[in-house]
Amino acid sequence: MELYSIKMRGSKGDEHISGAEKIVKKENIDNVVKALINRAFTHKKGKSNFINIKIEKIDEEEISYINKLSVVNVESKNVMEAKEIILEVLESLKLDKDKGERILNELYEIRNMRGAKIINIDTLKRMDLYEDRGVRVTFMDKKEEDSIERSKNHFSEAIILASKVLSCKNIVGELCISDDLDYTTGYITTKELGYVRIPNIKKLGEDIGGRIFLFKGNDSEFKETVEYLESKKVLVVDKEEREKTFNRDEFRNLIWMK
Ligand code: WAQ
Ligand code: MG
């Protein structure tokens, strides 16, 4: 089977509009590229006037297969509750309240980045030196028939990215808010809890959104981590686990039991 990586990035002037990462069979390249161009032109954030598409062949031997994260849905009625949930999860990483709040504030200040900020969980210093670009995770997709969706499925794309990110041994968690104005569900991941889905993480129409990866380790491990995120070819295997939904109290108990 001949596999190709397709990367798309669309922008309008200095503004990042849309990006995507796919790994597809040769015969599906045309259709996937068509769908991605359409996405860059019809995005709610605006119509891209610069679209970069990169197609490269990848060797099957280079691919590693990883499991999809399990999913926990937490009920959250508004941004305040969403923030409380994030802080509870950060506390489960043995971060004190002050550090948790600083990470949370950092997350809610991000806008218009193409990639993610990597923050050292011990020092809270930003480790990547890419400024507005951030580190972009690439070369990942789900291991399945190529599905060619005309519009983006936020959840399925996010869980593929999050599964790759958390498969790094030195990444202990990820926080994410979509930059799409009308997509208000976000998530936080940890090795213990998996993918915690949080509705109403931002208000409808709010122009914020970004990602933070929480790193724990030394400088050489940091280099390996970035190398893995940017260039390791990964396909995500779906275990088809049932998703669980928790209310706030049940979720607190879950954290406490882990
Ligand atoms: N690598 C690193 N960072 C990225 C990447 C990538 N490949 N793609 C996007 N980002 C960063 C960038 O700063 C974006 O502005 C930000 O994340 C948000 O990206 O369970 O749609 O593609 O339903 O807008 C979460 C789904 C959806 C929650 C997230 O993110 C759910 C989403 P978007
Ligand atoms: Mg987006």
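Each ligand, and each atom within it, is numbered from 1 in the order the structure gives.
- Residues I110 and R211 fail the side-chain proximity criterion, which asks for heavy atoms closer than 4.5 Å.
- In this structure, K164 is positioned above the aromatic face of Y228, its NZ or CZ under 6.0 Å from the six-membered ring centre and within 45° of the axis.
- Under a 3.5 Å cut-off, the side chain of N112 and the backbone N or O of H16 do form a donor-acceptor pair.
- Of all N, O or S atoms in D180, the one lying closest to the Mg ion (ligand 2) is OD1.
- For D207 and R111, the salt-bridge test passes: some basic side-chain N is under 4.0 Å from an acidic carboxylate O.
- Its N, O or S atom nearest to the Mg ion (ligand 2) is what matters here, and for D179 that atom is OD1.
- Distance from atom 25 (C) of ligand 1 to its nearest protein heavy atom, with residue and atom name: A158 CB, 3.7 Å.
- The shortest N or O to N or O distance between H16 and ligand 1 is not under 3.5 Å.
- With ligand atoms numbered from 1 in the order given, ligand 1 contributes 1 (N), 2 (C), 3 (N) to contacts under 4.0 Å with heavy atoms of V135.
- Short contacts between ligand 1 and F155, defined as distances under 4.0 Å to a heavy atom of the residue, involve ligand atoms 20 (O), 23 (O), 31 (C).
- A salt bridge between K34 and D30 is absent, with no side-chain N of the basic residue lying under 4.0 Å from a carboxylate O of the acidic one.
- For ligand 1, the atoms sitting less than 4.0 Å from at least one non-hydrogen atom of R197 are 20 (O), 23 (O), 31 (C), numbered in the order shown with element in parentheses.
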